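Here is the structure we will look at, set down as structure tokens.
Fair warning: this is a prediction, and the values are worked out from it, not measured in the lab. Heavy atoms only: backbone and side chains are in, while hydrogens, waters and symmetry mates are out.
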Amino acid sequence: MPADVFAKTVRDRWLGWTIAVGAVASFVLLGMAAYEGLDLAVLDSFPPAYRSLLGLPEGADAGALAISAIYGSYGALTFAAMALAMGAAGIAGEERAGTLGLLLGNPKSRRHVLVSKMAALALLSIVSTLSLWGLAIGSASVLDVALGELDVAALSVHMLANTLFYGLLASALGAVTGNRGGAAGIATGVLVVGFLGAGLMPLLEGGEDWVRLFPWHYFSGSEPLANGVDWGHVGLLAGASALFAAIAVVGLERRDLKGRSVGVTLVDRLRAFPMTRRAADLLAGTARVSSIWAKTASEHQVSLLSACAYMLLVQMMLGGFWLAIPEETIAIFAQMPESLGVMFELFGGGDVTTAAGWFQIETFGMMAPIMISIVTISIGANAVAGEEGRRTMGLLLANPVSRSRLVAEKVFTMVVYASIVGVVAFVGTMLGVLIGDMGLAWRNVAATCFLLTLVGLVSGALALAVGAATGRKGAAVFGSAGFLVATHVLNSLGEISDAWTGAAALSPFRYYLGGDPLNSGLAWGDAAVLAALAVALFASAFPLFWRRDIVERD
């Protein structure tokens, strides 16, 4: 194995993993502190079926809530996302950047480069999982929080197997296709659909059989926190990961490598049809890059299509699931004591026995902001820092295009794409409402989707500002994504504990769902706060970029 490729990959990626571990561990610590002040004695007398539904073992208190709600959800999702991003970039990213040929110009085979990349992914996943496990146990010890029979080590084993599954799935897709965006998009789709399916299927009559089709089930389905390691489930994830690694090696060795210029954009597809050829030529502009926004739109079409597909299909499915949930299951949730409502705050809160609460907890609370932010953060991080990292900024500015115009057109594309996702979210939700006969007012759904669009623009504008200030794409991505997660948790803690109410007012999510738009409609004050924040961040990107020298990354 070429140690230099392995070491360079670890060196390039360790900081992102470290930030992820620190962020999740901090949230676990904050969650324990917030939950500790709640009266959770009711857990001991609640029916076993309900405790199983929540994944809470007997004898656990605040620690169980924090570990289950944060470690087992945010932590697992964060690590899976880190792994699939790293896996997709391993080979396909090198091809996209035009550096794979340089690597293979040395006495290193394709197989050695790929295996080195996957070994680095495995090492970082193992170290990060062990670190998070130790920090979670340490947090409970510092706060003197009883974990009872909570088996955090078992959850960590399942989390590691889950992380490697998604990372190596993306590695295989990237190695076989050479398409980084497609690899990341497909792997993300498998992750999101699996996460939702594993959570929703057990609620349906007969769903226990179908839930086995979703990979996420083998992470959480056996309830490792309560029951320990299920080696059968871990073995299935490990076996699939090994299969993905083998497919990656065989697929890479049998195909031609792509140059960085290879790829069919949206404009290219429009040009292929006579009816749209003229319009596509106008959109594309001249060879002097007169239409930067069209270039940006073509570059981010995969993320847009992925987000739109999610918001359309999943919202429709949720309507069908609502119709299929047995009445006895709804009755269980209806009996839930108010003190246990904290379990749902980290997923956006809401009354799960109502149609509005169902949509809020399942998508609008967490997954919908993630999907729209994937689009906006991608555009924002690549707008300035990405162009510099790809060494294309100089080519753009060598044309009669000012820095201000470049940033303005990138912002225009972001606003258009975020608006498209918001409109598709509205259409998908209303179709779900009709399918499930849920009775939600279209005005309230429109208000929620409008606020969702504004939240996406805030995260994207932050990525743009950070990228303009630093010229570093990694800082823009991790900074904005970290802000998104941190403020989401901060808002949730404000709903859980009065001690965090003041700090929660600083979170954009307070102005997103804090006014309960699915039930109450649009609160114009909340919308004004989000819009003002987005505009301020967009405006800050212009002077930050004006005053900085352009850096061409190695």
Side-chain angles (χ1 to χ4, degrees), residues 92 96-98 179-182 184-185 258-309 311 371-424 453 456-457 459-461 463-465 467-468 473 476-477 534-535 537-539 541-542 545 550:
R96 174 68 178 172
N179 187 328
R180 177 180 179 177
K258 293 182 179 181
R260 64 184 300 171
S261 62
V262 174
V264 180
T265 67
L266 178 61
V267 174
D268 294 328
R269 293 189 179 99
L270 292 174
R271 278 173 164 163
F273 294 95
M275 295 181 63
T276 57
R277 183 177 299 135
R278 182 175 178 80
D281 289 339
L282 292 174
L283 285 175
T286 68
R288 295 189 306 166
V289 197
S290 63
S291 190
I292 293 172
W293 74 266
K295 169 184 177 294
T296 306
S298 291
E299 290 172 344
H300 298 280
Q301 57 184 293
V302 172
S303 60
L304 174 68
L305 293 173
S306 298
C308 288
M311 294 309 304
M371 296 309 297
I372 194 170
S373 293
I374 287 175
V375 178
T376 56
I377 289 175
S378 176
I379 296 174
N382 282 284
V384 173
E387 297 285 3
E388 292 184 59
R390 294 191 298 270
R391 301 183 180 183
T392 53
M393 181 64 78
L395 296 175
L396 287 176
L397 296 179
N399 291 277
V401 176
S402 67
R403 292 191 179 194
S404 296
R405 177 180 169 184
L406 184 145
V407 173
E409 293 203 30
K410 299 280 189 177
V411 169
F412 174 76
T413 306
M414 187 192 300
V415 172
V416 170
Y417 270 25
S419 300
I420 291 173
V421 176
V423 170
V424 173
T453 302
L457 289 175
S459 59
L464 174 63
K473 181 179 175 181
V477 171
V535 169
L537 289 170
F538 281 135
F542 289 89
F545 188 35
I550 294 175

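Partner Leu464 forms a side-chain contact (heavy atoms from CB on, under 4.5 Å) with one of Val407, Leu537, Ile377 and no other, that one being Val407.
In this structure, Ala463 and Ala476 approach most closely via the heavy-atom pair O-CB, 3.4 Å. Considering all non-hydrogen atoms of both residues, Ala468 and Ala541 come closest at CB-O, 3.6 Å. Nearest approach of Met414 to Ala461, heavy atoms of both residues: SD-N, 4.0 Å. Between Phe545 and Arg403 the shortest heavy-atom distance is O-NH1, 2.5 Å. Between Trp293 and Glu409 the shortest heavy-atom distance is N-OE1, 2.9 Å. Closest non-hydrogen pair, Gly185 versus Ser306, comes out as CA-OG, 4.2 Å.
Applying the side chain to side chain donor-acceptor pair (under 3.5 Å) rule to Ser419 yields no partners; only residues at least two apart in sequence or on another chain are considered. Applying the side-chain contact (heavy atoms from CB on, under 4.5 Å) test to Ala418 and every residue at least two apart in sequence or in another chain returns Ile372, Thr376, Thr453, Leu457. Here Lys410 pairs with Glu387 under the salt bridge (Lys or Arg N to Asp or Glu O under 4.0 Å) rule; sequence neighbours left out.
In this structure, the side chain of Ser378 does not engage the main chain of Val375 through any donor-acceptor pair within 3.5 Å. For the pair Thr413 (side chain) and Ala297 (backbone), a donor-acceptor distance under 3.5 Å is absent.
Under the 4.5 Å side-chain criterion, counting only non-hydrogen atoms from C-beta, Val421 is not in contact with Met371.
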